[in-house]
Protein chains: 2
Amino acid sequence: MTSKARQGEDGGSQTVRALLRLREMILSGQLPAGERIAEPAVAEATGISRTPIRAALIRLQEEGLIEPIRSGGFRVRAFSAAEIRDAIEVRGVMEGLAARLAAERGVGRAALSVLQGCVREIDDLLASGELDEARFAAYVEANARFHDALAGASGSEVVQRQVVRANALPFASANGFVRVQAASADARRTLTIANAQHAAVIEAIAQREGGRAEALMREHARIAHRNLEHVLDNPAVIGLIPGGCLIQGPRDAAPVRK
Amino acid sequence: MTSKARQGEDGGSQTVRALLRLREMILSGQLPAGERIAEPAVAEATGISRTPIRAALIRLQEEGLIEPIRSGGFRVRAFSAAEIRDAIEVRGVMEGLAARLAAERGVGRAALSVLQGCVREIDDLLASGELDEARFAAYVEANARFHDALAGASGSEVVQRQVVRANALPFASANGFVRVQAASADARRTLTIANAQHAAVIEAIAQREGGRAEALMREHARIAHRNLEHVLDNPAVIGLIPGGCLIQGPRDAAPVRK
DNA sequence: TACACAAATTGTGTATACAGCTATGGCAAA
DNA sequence: TTTGCCATAGCTGTATACACAATTTGTGTA
């Protein structure tokens, strides 16, 4: 019972807790980019012993958020603008693959209507007035649901897995830059265009137009490219995006590592 | 000194040793697909304590070779023909991306000549006589070198990383089915075609034809599709491919799990 | 004041001990 | 003979201890 209660609270095992907690500490900048992650320190800060923390670190390395140090241990990665652009491109390619497979192999009526439901929700949201915090949260949620459903529509666990993986880096993910969009002036315009692409992909899938579906999802991901440029030009908004503290300023020399 | 000597022998830390050893045990069928991997048993068999073995298991899970069991621990994965096809498709897409980026961004003279060197080597190999064991090993090596160099030519560490990842599953990798090809009658023909594709990709990259480069690498990966079909039709050769024991027979019902 | 060297502290990698849980086999009862 | 339950054995997840390595700090000297 106790274990089940704890499971409900924060996700089961110490390892999972450590993973969530560490990710949070990295993305919030509590563990600064480029710096070694000292296991004993994290252990004390979280109240979790070193063993599960170690397991979480391995997973975070596979995820790409941290990198091994030659002399042992890990360090928080810093990402150049070019790397982020590439990560976004990879996501676009993977989601493009998912969309193409969905179109080529066909998807059931149910899956299609889930996708359509997301688009509808977002359309209603955009039509219903100002983009306040609540509506914005709803948008983020619906958008994530659309992208998840699309990965599932590929009909391939292998592909779905890779799509999830491509979304692992926070600033590469589908919702990575939306908070920046919200802050910008033409938020509604961009989101409207994005949702039109959602709708077009669904149409392409329904009509078995694989090439079109793929191209659309690739282009869709490139919205994030434009948002990234915006962030690089206005470093003030960098705090809005998750893991923003991991982004190396475009003019920063690589930090000297002793 | 002792530690450095051991490092030379089999790759450094106990964790690395455990990773290599476990992968070998899985791919050789020593740990049967579908069966739970008992850590104490592996620990005793390898002489490595449970801690590094555990670390290796986590890495193998991220790699996709093993999957977690609900009640704890891991089990060796079994792969259906459909999953293998999808994994090959994913590799094709990722290598296609690498080739496109190489073409779009341009590659240096040096990188280009590395690629050309591989193609030349393979051509010479194919022209030089019977495909004996030695020549065949040289082919495998040169082929791997080509694919590595191509991933590097993308100019993006992020992309390179994903390509490597897509090649992690042994039967999805570029050299996964070559031994099958060697056994088949028209080995020379297939390898000749494959190398023509290599050459064409280089040409496309040199001429900055991104779309062509991408399409070529996708098609190139599909050679593995044909080889897979061949294997499924001739289960006798399944022992030739690494990790063949992980392939579920096409007509096999899922093995009963008690 | 700067630099080199030594000592101490800190941290990783690994082994091991232990608690809780799962699964399996046997035993009893119907 | 079959079915249900209980006990036992084994395994996982976690904590902790320890050795070796690295880094940092402090000290002495040029």
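To find a chain, count down the sequence lines: A is the first, B the second, and so on, and within it residues start at 1. Quantities reported herein were computed from a predicted structural model and do not represent experimental measurements.
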Enumerate all atom pairs, one protein N or O and one N or O from nucleotides 5-12 of chain D, separated by less than 3.5 Å.
from   : atom 1 : to      : atom 2 : distance (Å)
D:dT12 : OP1    : B:Ile37 : O      : 3.0
D:dT12 : OP1    : B:Glu39 : N      : 3.2
D:dT12 : OP2    : B:Glu39 : N      : 3.3
D:dT12 : O3'    : B:Gly73 : N      : 3.4

Fill in the blank from the handout: Between CD1 of A:Ile58 and C1' of C:dT14 the distance, given in whole Å, is 13 Å
Handout entry: Length of the CD-P vector between B:Gln14 and C:dT16, whole Å
Key = 11 Å
Handout entry: Lys/Arg N to Asp/Glu carboxylate O, A:Arg105 vs B:Asp86, below 4.0 Å
Key = yes
Handout entry: Atom-to-atom span, CD of A:Gln61 to P of C:dG13 - whole angstrom
Key = 10 Å
Exercise for the section: Verify whether the ring centers belonging to A:Phe79 and A:Phe171 lie closer than 6.0 Å. Expected result: yes
Problem - Under 4.0 angstrom between B:Thr15 side-chain N/O and C:dG13 OP1 or OP2 - result: no
Handout entry: Side-chain (B:Arg36) to main-chain (B:Gly72) donor-acceptor, under 3.5 angstrom
Key = yes
Handout entry: Other residues, nucleotides, ligands: >12 heavy atoms within 6.0 Å of A:Arg179 CZ
Key = no
Exercise for the section: Using Watson-Crick or G-U wobble geometry with both distances below 3.5 Å, tell me the partner of C:dT10, or none. Expected result: D:dA21
Handout entry: Aromatic ring proximity, centroids under 6.0 angstrom, B:His230 and B:His225
Key = no
Handout entry: A:Glu157 CD: over 12 foreign heavy atoms closer than 6.0 Å
Key = no
Handout entry: Salt-bridge contact B:Glu62-A:Arg59 (side-chain N to carboxylate O under 4.0 Å)
Key = yes
Practice task
Report the distance from atom CD of A:Glu35 to atom C1' of C:dG11, rounded to the nearest whole Å.
Solution key: 14 Å
Handout entry: Donor-acceptor pair under 3.5 Å, A:Thr51 side chain vs D:dT16 base
Key = yes
Practice task
To the nearest Å, give me how far apart CD (B:Glu44) and C1' (C:dT16) are.
Solution key: 15 Å
Practice task
Starting from C1' on C:dG13, measure out to CZ on B:Arg17 and report it in whole angstrom.
Solution key: 12 Å
Practice task
Tell me which of A:Ile48 and A:Arg70 sits closer to the 5' end of DNA chain D, going by the nucleotide each one is nearest to.
Solution key: A:Ile48
Exercise for the section: Give the rounded distance in Å between these two atoms: CZ of A:Arg75 and C1' of C:dG11. Expected result: 15 Å
